[in-house]
Amino acid sequence: MTRLPARRSVLAAALGVSWQQRLLHHHGVPAAWRRRRCSGAGSKAEDSSSPVTPMLKHLMFKIKATGPITVAEYMREALTNPVKGYYMHHDMLGEGGDFVTSPEISQIFGELIGIWYVSEWMAAGKPKTLQLVELGPGRGTLTDDILRVFNQLGSLLNKCDISIHLVEVSPKLSEIQALTLTGEKIQSELDVTSPVYMKGISKAGIPIFWYRELQDVPQGTSFYLAHEFFDALPIHKFQRTEQGWREVLIDIDPKAPDKLRFVLAPSATPATEYFIQGKEARDHVEVCPDAGILIQKLACRIQEDGGAALIADYGHNGNKTDTFRSFRSHELHDVLIAPGTADLTADVDFSYLQTMTQGRVATLGPLKQQEFLKNMGIDVRLQVLLQNSSDTAMHKHLLQGYDMLMNPKKMGDRFNFFALLPHQRLAHSDQKANLQHSKSLSTSVAGFGELVWK
């Protein structure tokens with residue numbers, strides 16, 4: 001299958017800003033600042049007669065019943081509502097979808113990720129069990145590439161009990177994942193009380209299990225993967241005003257009753273009091289509580305059972321402000337138009353993730369994708385593939401994929417890698433307090449230092 005060089009992050013990198021129209025107070029008083037334009041570089045102007053989608057009707061009914069909703073509630077409903085959510089019932093990836101991810105661009109990406117997990121498994125002392133847990137596996141392409149690496153390194157892993165555990169809420173995507181990984185359609189489990197709602201066997205004979213929540217995945221030595229997962233988790237947005245911090249909410253536009261608008265809460269909300277730090281210097285802040293809770297769960301599991309977690313996403317280190325945006329048909333899209341028909345996303349705050357580990361584990365990164373993949377040996381792997389193929393079209397495809405992954409103006413600088421590791425993975429003494437910011441210690445971890453096979 002031809003892999004596509006299109007990517008939502010490339011468009012986002014060109015955008016730079018994302019708000020439009022005027023932000024109003026709850027009761028219609030104009031705010032002192034304007035939303036920046038979402039229909040800026042790389043996006044299309046929205047049709048003034050945009051359709052009233054089932055999700056929009058649902059949200060308007062909710063707002064009429066209970067008042068303006070948070071951006072977090074808007075994202076949660078628009079993306080994962082069981083009946084009308086964007087992720088729940090259609091395939092949004094690939095040429096016919098709304099965006100393309102790195103695994104669809106080049107097989108090299110997934111192969112190098114697979115090698116990272118083998119490297120960490122070896123560093124952990126080659127435990128007898130290896131649970132690979134992927135959060136939000138998309139079409140299953142990345143896991144499929146990783147399993148191919150595991151198969152190729154069978155002589156190294158032949159005494160290890162490997163299992164795959166996929167955390168996926170979308171019925172549609174879980175069907176596609178099953179086809180990708182097992183080659184057949186899998187029926188859902190009849191026992192509705194079981195945390196496993198689907199299970200199968202990979203083409204190489206490795207058991208695969210599907211869950212809706214991380215907490216349902218069995219405890220044990222696990223290696224976690226989250227590629228473009230955290231960016232889709234719901235965020236709260238806050239704006240500094242002359243009266244103090246106010247949460248950004250979403251309301252019905254009184255001038256256009258079939259449209260939504262952003263408003264400011266008239267007073268501080270509980271979220272404002274809880275999430276805004278006293279030393280905050282920015283005027284606009286996005287906070288993702290779900291990401292913090294998830295990181296705490298991962299950190300606790302790794303602290304108790306060992307293993308590691310690798311997170312790859314676009315994001316920042318606590319310095320960005322407004323990153324909330326939408327994509328449809330590979331184009332930037334107004335976040336409030338036709339909800340339920342487009343992807344919603346916001347940059348990951350890696351500094352927040354690091355804080356939320358609460359020192360239970362060591363963290364490495366964030367590190368730019370081009371640096372991580374270079375350390376993993378992408379240049380060597382590319383040359384091997386080019387030498388093993390005489391097909392001109394394949395050469396072109398490999399080189400285009402490499403450029404998309406590594407070019408700083410494309411995905412090379414846009415994406416970051418971030419790892420959670422047991423403290424003992426990086427030190428043999430009482431250096432825990434200094435581990436999180438140590439560059440010298442990171443050289444022993446593949447990707448964050450140059451990969452060395454022993």
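Side-chain atoms are counted along with the backbone in the values below, which use heavy atoms only and exclude waters and symmetry mates.
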| query | Is atom NZ of K374 surrounded by more than 12 heavy atoms (other residues, nucleotides or ligands) closer than 6.0 Å? | reply | no
| Going through the distances and angles, do I113 and F109 end up as a side-chain contact (heavy atoms from CB on, under 4.5 Å)? | CA-CA 6 Å; I113 299 301; F109 183 87; 4.0 Å; yes
| field | T70, T321, D322 screened by side chain to side chain donor-acceptor pair (under 3.5 Å) with K237, the one that passes | value | D322
| Carboxylate-amine/guanidinium proximity below 4.0 Å for R139 and D144 | no
| query | CG/N81 to CE/M88 distance, rounded to the nearest 0.5 angstrom? | reply | 8.0 Å
| Side chains of V196 and K199 in contact at under 4.5 Å (non-hydrogen atoms) | yes
| task | Evaluate the ring planes of H236 and F238, with Trp represented by its six-membered ring, and classify them as parallel (under 30°), tilted (30 to 60°) or perpendicular (over 60°). | result | parallel
| Side-chain contact, heavy-atom cut-off 4.5 Å: P339 with T53? | yes
| query | Thinking salt bridges, do K62 and E73 make one under a 4.0 Å N-O criterion? | reply | yes
| Any idea how F372 and F417 line up, ring-wise: parallel (<30°), tilted (30 to 60°), or perpendicular (>60°)? | parallel
| task | Determine, step by step, whether Q354 and T363 satisfy the side chain to side chain donor-acceptor pair (under 3.5 Å) criterion, reporting the C-alpha distance in whole Å, the side-chain angles of both residues, the deciding distance to 0.1 Å, and the verdict. | result | CA-CA 7 Å; Q354 186 178 65; T363 64; 2.8 Å; yes
| message | Please give me the minimum heavy-atom distance between I162 and I206, naming the atom from each residue. | response | O-CG2, 3.5 Å
| Among D347, N416, T345, the one residue meeting side chain to side chain donor-acceptor pair (under 3.5 Å) with Y314 | T345
| said: Give me the atom names and distance for the closest heavy-atom approach of F275 to P289. | reply: CZ-CG, 3.2 Å
| said: Whether the Q370 and D413 side chains hold a donor-acceptor pair (N or O, under 3.5 Å, no angle test) is what I'd like checked. | reply: yes
| message | Whether R212 engages the ring of Y197 as a cation-pi pair (distance to the six-membered ring centre under 6.0 angstrom, angle to the ring normal within 45°) should be assessed. | response | yes
| field | Close side-chain approach of Y211 and M198, heavy atoms under 4.5 Å | value | no
| So, W210 versus Q177: side-chain donor-acceptor pair below 3.5 Å or not? | yes
| query | Are side-chain heavy atoms of P218 and Q131 found at a separation under 4.5 Å? | reply | yes
| said: Between E111 and R381, does any NZ, NE, NH1 or NH2 come within less than 4.0 Å of an OD or OE carboxylate oxygen? | reply: yes
| message | For T272 and E247, which I'm curious about, is there any donor-acceptor pair between the side chains at under 3.5 Å? | response | no
| message | Under a 3.5 Å threshold, yes or no: a donor from one side chain and an acceptor from the other, between T323 and E286? | response | yes
| Any salt bridge between D349 and K320, counting N to O under 4.0 Å? | no
| message | Within the structure provided, determine whether Y352 and V287 are in side-chain contact (heavy-atom separation under 4.5 Å). | response | yes
| task | Using a cut-off of 6.0 Å, state whether more than 12 heavy atoms not belonging to K57 lie near its atom NZ. | result | no
| Short side-chain donor-acceptor distance under 3.5 Å, T143 and E134 | yes
| message | Are F327 and H333, when compared by the centres of their aromatic rings, separated by less than 6.0 Å? | response | no
| task | Would you confirm whether the ring centroid of H316 sits within less than 6.0 angstrom of the ring centroid of F350? | result | no
| Under 3.5 Å, is there a donor-acceptor pair linking the side chains of D145 and Q107? | no
| Check: L249 and I69 side chains under 4.5 Å, non-hydrogen atoms | no
| Within a strict 4.5 Å, meaning less than it, do heavy atoms of the V133 and F223 side chains meet? | no
| query | Just wondering, do F230 and C288 contact through their side chains at under 4.5 Å, heavy atoms? | reply | no
